[in-house]
Protein chains: 2
Amino acid sequence: MQELTDKQQQVLDAIKEFQGINGFPPTVRELAEYFGQASTAGIHKILKALESKGHLRKGDKGKSRSLGVLDDDPAAFRARAYPIVGHVQAGPFQLAVEDREGELLLDSDWAGHGETFLLRVRGHSMIDADIRDGDMVLVEKTQQCHNGDIVIALLEDEATVKRFFKEKDRIRLQPENPTMQAIYVPKDDPGFRIIGKVKGLLRKF
Amino acid sequence: MQELTDKQQQVLDAIKEFQGINGFPPTVRELAEYFGQASTAGIHKILKALESKGHLRKGDKGKSRSLGVLDDDPAAFRARAYPIVGHVQAGPFQLAVEDREGELLLDSDWAGHGETFLLRVRGHSMIDADIRDGDMVLVEKTQQCHNGDIVIALLEDEATVKRFFKEKDRIRLQPENPTMQAIYVPKDDPGFRIIGKVKGLLRKF
DNA sequence: TACTAAGGTGAACAAATGTTTACCTAAATA
DNA sequence: TATTTAGGTAAACATTTGTTCACCTTAGTA
């Protein structure tokens, strides 16, 4: 794939986006209009360049609305299924089938390409971090975290969502709710484990 | 979804197949040719039936090659691109190219099947509704809303996100931030318009 | 039997759409 | 400085495409 000018890249991105939204590509006039241009001829030049550079397939001569993006990173591959594996603060943390809510298709550019899942939050312990009861949190599976990270932690088989702080000999799991107390855990507590880091949130109103 | 006749089902399947192969839907004449028919009018009748039975979306009147199958079967079709069209509270609300952040693939079962887009929130006017600066809100385009709905409203070409209340002769747009005042708008204010309803929220940490 | 629904023909019309040409400007390069 | 590349306008033309109307046939139903 050859190098594109800024404008060529913009036009290509516009086509991709239109295609993703509508299920069919834009017309030349729609592209011109989108870029605020009065004439289609400029767009034609750019399309011709994109075609000769191998990024675009134009339909048969004269055929309407038949552009095809040839980039090997189509939107369809970006959509990945993320399992909603259960709840935090709803009792024992096991990925039991009954707790599974299904899955949600999300853009992996946004949600992440690693091992990632969703959990539904129960309770109000993180309300001051604007995480509500019923929200879904996007959790990247990891055991590495830094002070201030919001984590999913396992404590004696109970899952909890808290803000993580490493102190001298212990871990502090801090609720973001002034009515609740921090939890302190010895560093070598065998019943303690970090499941993952909260990277995102989804809510329906 | 209503019951289809054999022929209607065949046409629907043909559209799906064509779409899968080409990335754009067939024209009416291409469908007629595919079924060995000499006239487009028969195909039009079937398309009209498919549309009224809820299986198909036809493009705007007169618009070329813009059929859309509405069946919700495969996961691949559930992933739809939702445009991130700009910001609220960031000045004049126009879907200008420069403000566009791109798009996000989301599960349409979660995000909705209608005309829906994303907006990035700027400011803290809805902080008590746990909507933060930088969050993206999922907006269903509609002008109908109920008291208590969180809406995107246009006021003298400025977009704002507020909680909507209809009062006697006016509309109250209520911030969810105690430091901020409500906005009152006469009901017949020509510079006032509801753009849509906030249905969801996405956040990255 | 009469009526309705489904689906097909033929034809015409209007609008959408692709394409091309000539010309222009600005920026980059030889 | 001259040339080339990139990208824009304006306009015209031809073809594609959607749509509609009148009419027809067949099968099923009241």
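Values below: every heavy atom of this structure, side chains too, minus hydrogens, waters and symmetry copies. Order of the sequence lines sets the chain letters (A, B, ...), proteins ahead of strands, with each chain counted from 1. Here the structure is a predicted model, which is why all the values come from computation and not from measurement.
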In whole Å, I'd like the distance from the [atom1] atom of [X] to the [atom2] atom of [N].
{"X": "A:Ile43", "N": "D:dG7", "atom1": "CD1", "atom2": "C1'", "result": "9 Å"}
{"X": "B:Asp6", "N": "D:dG28", "atom1": "CG", "atom2": "P", "result": "12 Å"}
{"X": "B:Tyr34", "N": "C:dG7", "atom1": "OH", "atom2": "C1'", "result": "18 Å"}
{"X": "B:Lys61", "N": "D:dG18", "atom1": "NZ", "atom2": "C1'", "result": "8 Å"}
{"X": "A:Glu3", "N": "D:dT5", "atom1": "CD", "atom2": "P", "result": "18 Å"}
{"X": "A:Phe35", "N": "D:dG8", "atom1": "CZ", "atom2": "P", "result": "9 Å"}
{"X": "B:Lys48", "N": "D:dG18", "atom1": "NZ", "atom2": "P", "result": "15 Å"}
{"X": "B:Lys7", "N": "D:dT26", "atom1": "NZ", "atom2": "C1'", "result": "14 Å"}

Quiz item: Taking for each residue the nucleotide of DNA chain C with the nearest heavy atom, is it B:Gln8 or B:Arg65 whose nucleotide lies nearer the 5' end?
Solution: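 Taking each residue's closest nucleotide, the earlier one in sequence belongs to B:Gln8.
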Quiz item: Starting at the 5' end of DNA chain C and moving along, which residue's nearest nucleotide shows up first, A:Gly62 or B:Ala49?
Solution: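 Taking each residue's closest nucleotide, the earlier one in sequence belongs to B:Ala49.
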Practice problem: With rounding to the nearest 0.5 Å, note down the distance linking CG in B:Leu31 to CG in B:Leu47. | Solution: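 B:Leu31 CG to B:Leu47 CG: 6.5 Å, rounded to 0.5 Å.
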Nearest listed nucleotide, side chain of [X], among [options]:
{"X": "B:Lys58", "options": "D:dT19, D:dC21, C:dT17", "result": "D:dT19"}
{"X": "B:Ala41", "options": "C:dG7, D:dC21, C:dT19", "result": "D:dC21"}
{"X": "B:Lys45", "options": "C:dG8, C:dG18, D:dT9", "result": "C:dG8"}
{"X": "B:Ser64", "options": "C:dA11, C:dG18, D:dG18", "result": "D:dG18"}
{"X": "A:Arg29", "options": "D:dA12, C:dG7, D:dG18", "result": "D:dA12"}
{"X": "B:Ile46", "options": "C:dG8, D:dG18, D:dT9", "result": "C:dG8"}

Exercise. State whether B:Tyr184 and B:Arg172 meet the cation-pi test: NZ (Lys) or CZ (Arg) under 6.0 Å from the six-membered ring centroid, and within 45° of the perpendicular axis.
Key: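 Cation-pi check for B:Arg172 and B:Tyr184: fails.
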Quiz item: Does NZ or CZ of B:Lys7 come closer than 6.0 Å to the centre of the six-membered ring of B:Phe35, within 45° of the ring's axis?
Solution: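 Relative to the ring axis of B:Phe35, which defines the angle, B:Lys7 lies inside both limits.
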Practice problem: Could you tell me whether the side chain of B:Thr40 has a donor or acceptor atom within less than 3.5 Å of a complementary atom in the base of D:dT19? | Solution: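 Answer yes: a donor N or O sits under 3.5 Å from an acceptor.
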Quiz item: Is any N or O donor-acceptor pair between the side chain of B:Ser39 and the base of C:dG10 shorter than 3.5 Å?
Solution: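 For B:Ser39, whose side chain was compared with the base of C:dG10, there is a donor-acceptor pair (under 3.5 Å).
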Practice problem: Tell me, yes or no, whether the heavy-atom count around B:Lys187 atom NZ, taken from other residues, nucleotides or ligands under 6.0 Å, exceeds 12. | Solution: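 Buried by this count: over 12 neighbours within 6.0 Å.
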Quiz item: Is a salt bridge present between B:Glu176 and B:Arg163, judged by a nitrogen-to-oxygen distance below 4.0 Å?
Solution: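 Yes, charged N to carboxylate O under 4.0 Å.
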